[in-house]
Amino acid sequence: MYFLGFIGIQGMPIDATPDPDEVPVRHITGAVSIVLNGQTVALNLFTDRMAVLMDGSVQPDPIVAARLRLDLAMAREIRDQLDAHLSGLTTSPRGSLKLN
(Lines give C-alpha, C1' and ligand atoms only; values in the text may rest on other atoms or scores of the structure.)
Protein backbone atom coordinates (compact mmCIF):
# COMPACT_ATOMS: atom_id res chain seq x y z
CA MET A 1 0.00 0.00 0.00
CA TYR A 2 1.31 3.48 -0.86
CA PHE A 3 0.16 6.97 0.02
CA LEU A 4 0.43 9.41 -2.85
CA GLY A 5 1.09 13.12 -2.58
CA PHE A 6 2.43 13.14 0.99
CA ILE A 7 4.54 16.19 1.88
CA GLY A 8 7.66 15.44 3.92
CA ILE A 9 9.10 17.47 6.78
CA GLN A 10 11.21 19.64 4.46
CA GLY A 11 8.18 20.43 2.29
CA MET A 12 9.39 18.15 -0.50
CA PRO A 13 6.72 15.91 -2.04
CA ILE A 14 7.10 12.20 -1.51
CA ASP A 15 5.42 10.42 -4.41
CA ALA A 16 4.97 7.03 -2.76
CA THR A 17 5.56 6.26 0.91
CA PRO A 18 5.95 2.52 1.54
CA ASP A 19 3.54 0.94 4.01
CA PRO A 20 4.85 -2.64 4.30
CA ASP A 21 2.92 -3.31 7.54
CA GLU A 22 -0.32 -1.97 6.04
CA VAL A 23 -1.04 0.16 9.09
CA PRO A 24 -4.82 0.48 9.57
CA VAL A 25 -6.53 3.81 9.02
CA ARG A 26 -8.38 5.04 12.11
CA HIS A 27 -11.01 7.73 12.47
CA ILE A 28 -9.75 9.86 15.35
CA THR A 29 -12.32 11.29 17.76
CA GLY A 30 -10.07 12.47 20.58
CA ALA A 31 -6.52 13.46 21.47
CA VAL A 32 -4.45 14.10 24.57
CA SER A 33 -0.93 15.51 24.47
CA ILE A 34 1.82 16.46 26.90
CA VAL A 35 5.39 17.67 26.49
CA LEU A 36 8.07 15.35 27.84
CA ASN A 37 11.46 16.72 28.95
CA GLY A 38 10.85 19.93 26.98
CA GLN A 39 11.78 18.32 23.65
CA THR A 40 9.22 15.62 22.87
CA VAL A 41 5.48 15.90 22.34
CA ALA A 42 3.61 12.80 23.49
CA LEU A 43 0.37 12.67 21.49
CA ASN A 44 -2.19 9.96 22.20
CA LEU A 45 -5.00 9.64 19.67
CA PHE A 46 -8.32 7.96 20.42
CA THR A 47 -11.14 6.41 18.45
CA ASP A 48 -14.61 5.52 19.69
CA ARG A 49 -16.16 2.05 19.44
CA MET A 50 -19.62 3.37 20.47
CA ALA A 51 -20.86 0.60 22.75
CA VAL A 52 -24.56 -0.25 22.42
CA LEU A 53 -26.09 -1.07 25.80
CA MET A 54 -28.83 -3.63 26.51
CA ASP A 55 -31.50 -0.90 26.57
CA GLY A 56 -30.48 0.23 23.06
CA SER A 57 -28.75 3.41 24.19
CA VAL A 58 -25.30 4.24 22.89
CA GLN A 59 -22.38 4.95 25.18
CA PRO A 60 -18.97 6.27 24.09
CA ASP A 61 -16.25 3.66 24.42
CA PRO A 62 -12.94 5.40 23.64
CA ILE A 63 -9.88 3.27 22.89
CA VAL A 64 -6.30 4.22 22.02
CA ALA A 65 -5.76 4.34 18.25
CA ALA A 66 -2.14 5.54 18.29
CA ARG A 67 0.56 6.73 20.64
CA LEU A 68 2.87 9.17 18.86
CA ARG A 69 6.10 10.72 20.11
CA LEU A 70 7.17 13.76 18.09
CA ASP A 71 10.22 15.96 18.25
CA LEU A 72 9.46 19.67 18.19
CA ALA A 73 10.24 20.06 14.46
CA MET A 74 7.77 17.32 13.50
CA ALA A 75 5.11 18.65 15.88
CA ARG A 76 5.43 22.10 14.27
CA GLU A 77 5.28 20.58 10.76
CA ILE A 78 2.06 18.72 11.58
CA ARG A 79 0.61 21.89 13.14
CA ASP A 80 1.50 23.96 10.08
CA GLN A 81 0.04 21.39 7.67
CA LEU A 82 -3.20 21.15 9.68
CA ASP A 83 -3.45 24.95 9.84
CA ALA A 84 -3.02 25.16 6.06
CA HIS A 85 -5.70 22.52 5.46
CA LEU A 86 -8.13 24.04 7.95
CA SER A 87 -7.75 27.54 6.53
CA GLY A 88 -8.80 26.13 3.15
CA LEU A 89 -11.96 24.70 4.69
CA THR A 90 -13.34 27.98 6.01
CA THR A 91 -16.80 28.80 4.72
CA SER A 92 -18.60 32.06 4.10
CA PRO A 93 -20.72 33.28 7.00
CA ARG A 94 -24.44 32.59 6.69
CA GLY A 95 -26.22 35.33 4.75
CA SER A 96 -23.12 36.48 2.91
CA LEU A 97 -24.08 34.74 -0.33
CA LYS A 98 -25.74 36.95 -2.94
CA LEU A 99 -28.37 35.65 -5.31
CA ASN A 100 -27.90 36.44 -8.99
Side-chain angles (χ1 to χ4, degrees):
M1 178 184 296
Y2 291 91
F3 294 100
L4 303 176
F6 179 76
I7 304 298
I9 192 163
Q10 298 299 324
M12 301 299 293
I14 300 172
D15 292 331
T17 303
D19 186 11
D21 298 327
E22 296 188 14
V23 177
V25 174
R26 307 278 185 175
H27 179 80
I28 302 302
T29 57
V32 174
S33 65
I34 61 170
V35 177
L36 305 173
N37 70 14
Q39 297 296 315
T40 303
V41 176
L43 177 61
N44 295 333
L45 303 175
F46 300 93
T47 189
D48 198 343
R49 291 190 294 195
M50 298 294 288
V52 178
L53 304 178
M54 295 299 288
D55 64 0
S57 62
V58 178
Q59 177 179 349
D61 185 17
I63 60 170
V64 173
R67 289 184 176 98
L68 305 176
R69 300 303 177 256
L70 312 167
D71 62 21
L72 295 179
M74 188 71 240
R76 288 183 180 115
E77 180 67 24
I78 290 172
R79 178 202 60 200
D80 292 345
Q81 287 187 28
L82 286 172
D83 284 346
H85 290 298
L86 292 173
S87 68
L89 294 175
T90 58
T91 59
S92 300
R94 205 176 261 279
S96 66
L97 300 176
K98 294 181 181 178
L99 298 175
N100 291 334

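All heavy atoms count here, side chains included; hydrogens, waters and symmetry mates do not.
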Pairs under 3.5 angstrom only: tabulate donor-acceptor contacts from the side chains of residues 59-70 to other protein residues two or more places apart or in another chain.
{"from": "Asp61", "atom 1": "OD2", "to": "Arg49", "atom 2": "NE", "distance (Å)": "3.2"}
{"from": "Asp61", "atom 1": "OD2", "to": "Arg49", "atom 2": "NH2", "distance (Å)": "3.1"}
{"from": "Arg69", "atom 1": "NH1", "to": "Asn44", "atom 2": "OD1", "distance (Å)": "3.3"}

Check: What's the shortest heavy-atom distance between Asp19 and Val23, and which atoms?
Finding: OD1-N, 3.2 Å

Notebook entry, point to check: Can you list every side-chain hydrogen bond (donor to acceptor under 3.5 Å, both in side chains) pair that touches residues 23-35, not counting sequence neighbours?
Noted result: none

Next item on the list: Kindly give the cluster partners of Met54, where membership spreads through any ILVMFWY side chain lying under 4.5 Å from a current member.
Entry: none

Check: Hydrophobic cluster mates of Ile34, side-chain heavy atoms under 4.5 angstrom, ILVMFWY only, any path?
Finding: Leu36

Next item on the list: Mind checking side chain to side chain contact (heavy atoms under 4.5 Å, CB included) for Ser87 and listing every partner two or more places apart, or none if nothing turns up?
Entry: none

Check: Can you list the residues that meet the side chain to side chain donor-acceptor pair (under 3.5 Å) rule with Asp55, with sequence neighbours excluded?
Finding: Ser57

Check: Is there any salt bridge (charged side-chain N to carboxylate O under 4.0 Å, His left out) pair reaching into residues 27-43, and which pairs are they, with sequence neighbours excluded?
Finding: none

Check: Is there a path from Met50 to Ile28 through hydrophobic residues (I, L, V, M, F, W, Y) whose side chains come within less than 4.5 Å of each other?
Finding: no

Check: Can you list the residues that meet the side chain to side chain contact (heavy atoms under 4.5 Å, CB included) rule with Asn37, with sequence neighbours excluded?
Finding: Gln39, Thr40

Item checked: salt bridge (charged side-chain N to carboxylate O under 4.0 Å, His left out) contacts in which one or both residues fall within residues 31-46, not counting sequence neighbours -> none

